[in-house]
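Since the structure comes first, as structure tokens, the remarks are kept for the end.
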Amino acid sequence: MSSIPPLPSFRWTSRRYSDHAKPEAKAPANVVVDCAVYVGGRRLIDECTYQQALDEVRKQGTGFVWLGLMEPSSALMSEVAAAFGLHELAVEDAVHSHQRPKLERYDDIMFLVLRTVRYHEHDMNSVAEIVDTGDIMVFLGKDFVITVRHGDQTGLAGVRKDLEANPAQLELGPAAVLHAVADHVVDAYVEVTQEIEDDVAEMEEAVFTPANKIVIEAIYQLKREVVELRRAVKPLALPLQLLTHDQRLPLPKEIRRYMRDVTDHHTAVTEQITDFDESLSALINAALAKVSVQQNTDMRKISAYAAMAAVPTMIAGVYGMNFDHMPELRWTYGYGGVIALMALLCGLLYYNFHRNNWL
């Protein structure tokens with residue numbers, strides 16, 4: 001790879017615009033997160049609009065622009081598209097969130113969509129959201145990279161800071177930013193799956209602990225969150241494979257090597273999520289079986305107590321019929337004898353049920 005001219009050869013020109021040539025209006029600060037020019041792996045800091053930065057880079061013929069946007073409006077994306085030459089279909093996807101992970105190429109510009117994830121702490125016995133998802137879109141050109149973020153699941157401020165601390169990596173150009181963003185997103189996948197793994201292990205312990213109350217809804221909720229995580233993670237496999245192996249894509253060889261590591265981590269996460277899905281399906285079956293056993297046990301107890309209650313009820317019912325001629329009706333010890341008989345029969349029933357593990 002040819003060396004990039006050193007920083008002193010690139011001079012930032014301060015321009016004043018007349019009424020006939022004004023720069024584009026700056027978007028709100030919360031929309032344009034950051035805009036910078038990088039030359040020779042180092043950042044040129046100056047107050048500028050993305051149009052000024054792009055014009056200067058193309059005038060000097062070296063360096064690239066990194067523009068970071070947060071949930072931009074359609075109007076702002078149209079202005080950015082006009083400045084950088086972005087395709088309207090990709091721009092439409094960048095405006096709307098919850099896109100499926102994909103990699104598209106429009107002439108010399110690549111468009112990558114990644115789903116971001118974040119884990120929420122929760123009570124294992126409650127039905128609450130566990131995995132939250134968002135989007136990061138990356139436009140990659142020969143002299144620019146644009147990152148569009150939807151949701152605050154995975155911020156990119158740390159990614160930019162780490163890259164700026166590593167000029168050798170930034171010197172590889174806009175593709176270095178693409179790799180750093182993809183690596184950051186996949187690392188978030190790894191962290192979330194580790195948290196989910198702990199949840200699954202805790203759920204397994206709860207299900208297989210004797211006499212422990214099971215909340216079936218919590219298992220179903222965890223399985224639903226795993227399904228959402230799988231939908232966010234699994235489709236990224238094909239884009240990563242293309243970035244790693246497709247020689248037609250304009251990526252430096254060194255970046256392809258870095259992308260292999262990202263692909264390996266993503267594959268491991270995908271396999272782990274599949275294991276979670278299978279484990280939770282087995283847990284649901286085990287929990288349902290355990291609930292069924294608990295219900296059968298409860299029904300046996302209820303039946304046993306009902307049988308014990310039926311004996312005195314029957315005897316009391318017979319002697320409550322108010323006939324004049326009944327055996328032992330006028331007997332002095334009749335009341336005590338009947339009570340003793342009731343107690344004896346109930347005791348025998350209790351002993352029998354207890355011996356057969358009904359009580």
Side-chain angles (χ1 to χ4, degrees), residues 70-71 97-101 112-138 147 149-162 179-209 212-240 258-259 261-288 290:
M70 176 66 177
E71 300 181 357
S97 60
H98 295 90
Q99 299 292 326
R100 180 181 175 86
L112 175 65
V113 178
L114 306 104
R115 295 293 302 276
T116 58
V117 298
R118 181 178 58 182
Y119 177 85
H120 290 281
E121 295 292 341
H122 62 284
D123 183 2
M124 290 302 299
N125 292 325
S126 66
V127 180
E129 185 179 40
I130 302 173
V131 178
D132 189 17
T133 61
D135 303 85
I136 292 181
M137 290 85 163
V138 182
T147 54
R149 187 158 57 94
H150 290 272
D152 57 354
Q153 290 78 14
T154 304
L156 297 179
V159 175
R160 190 185 289 264
K161 182 178 180 181
D162 292 342
H179 161 261
V181 172
D183 185 53
H184 181 64
V185 170
V186 173
D187 284 346
Y189 293 166
V190 174
E191 294 175 2
V192 172
T193 52
Q194 289 174 349
E195 297 287 351
I196 296 293
E197 183 177 16
D198 294 339
D199 287 346
V200 173
E202 185 175 348
M203 195 70 72
E204 287 177 342
E205 183 178 358
V207 169
F208 294 109
T209 298
N212 190 28
K213 185 177 180 180
I214 302 173
V215 181
I216 299 294
E217 291 81 2
I219 304 178
Y220 276 112
Q221 177 69 16
L222 183 58
K223 184 174 177 62
R224 190 191 73 83
E225 296 297 322
V226 168
V227 170
E228 182 176 357
L229 180 62
R230 185 183 64 213
R231 290 175 179 173
V233 173
K234 191 173 182 179
L236 187 59
L238 180 57
L240 290 179
Y258 289 130
M259 292 302 299
D261 183 64
V262 177
T263 303
D264 291 341
H265 290 170
H266 180 269
T267 301
V269 169
T270 303
E271 293 174 352
Q272 198 169 10
I273 292 174
T274 301
D275 292 340
F276 293 159
D277 197 19
E278 294 175 355
S279 297
L280 289 173
S281 296
L283 276 181
I284 290 175
N285 293 332
L288 291 175
K290 187 173 182 179

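Each residue takes its place number in the sequence, starting with 1.
The distance from the NE2 atom of H179 to the NE2 atom of H184 is 13.0 Å, given to the nearest 0.5 Å. Residue M203 holds its CE atom at 9.5 Å from CD1 of I284, rounded to the nearest 0.5 Å. In this structure, E225 CD and D132 CG are separated by 9.0 Å, a value rounded to the nearest 0.5 Å. The NZ atom of K223 sits 3.5 Å away from the CG atom of D277 when rounded to the nearest 0.5 Å.
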Practice task
Carefully, step by step, assess L229 and T193 under the rule side-chain contact (heavy atoms from CB on, under 4.5 Å).
Solution key: CA-CA 9 Å; L229 180 62; T193 52; 4.1 Å; yes
Exercise for the section: I would like to know whether D261 and H265 meet side-chain contact (heavy atoms from CB on, under 4.5 Å); could you show each step before the answer? Expected result: CA-CA 6 Å; D261 183 64; H265 290 170; 3.4 Å; yes
Handout entry: Pair L222-F276, side-chain contact (heavy atoms from CB on, under 4.5 Å): steps then yes or no
Key = CA-CA 10 Å; L222 183 58; F276 293 159; over 6 Å; no
Problem - Candidate pair V113 and R100, rule side-chain contact (heavy atoms from CB on, under 4.5 Å), full reasoning - result: CA-CA 7 Å; V113 178; R100 180 181 175 86; over 6 Å; no
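By the 4.5 Å heavy-atom criterion applied to side chains, I130 and I196 are counted as neighbours. Within the 4.5 Å cutoff, the side chain of Q221 has no heavy atoms near those of the E217 side chain. Side-chain atoms of S279 and L283, non-hydrogen and from C-beta on, never get closer than 4.5 Å to each other. Considering only heavy atoms from C-beta on, V226 comes within 4.5 Å of I273 through its side chain. The side-chain heavy atoms of T270 and Y189, taken from C-beta on, include no pair separated by under 4.5 Å. Side-chain contact between E121 and E195 is present, with heavy atoms from C-beta onward closer than 4.5 Å. At least one side-chain heavy atom of E278 sits under 4.5 Å from a side-chain heavy atom of D275. Side-chain contact check for L240 versus T267: every heavy-atom pair is 4.5 Å or farther apart.
Crowding of E205 atom CD: a count of heavy atoms from other residues, nucleotides or ligands under 6.0 Å not exceeding 12.
For the residue pair Y119/D198, the side-chain donor-acceptor check at 3.5 Å is not satisfied.
Closest approach of V207 to A287, counting heavy atoms only: CG1-N, 4.1 Å.
In terms of modelled atom types and a separation under 3.5 Å, the side chain of E71 and the main chain of G151 share a donor-acceptor contact. Under the 3.5 Å distance criterion, the side-chain polar atoms of H150 are left unmatched by any main-chain donor or acceptor of M137.
Under the side-chain hydrogen bond (donor to acceptor under 3.5 Å, both in side chains) test applied with T133, the options R231, R118, R115 reduce to a single match, R115.
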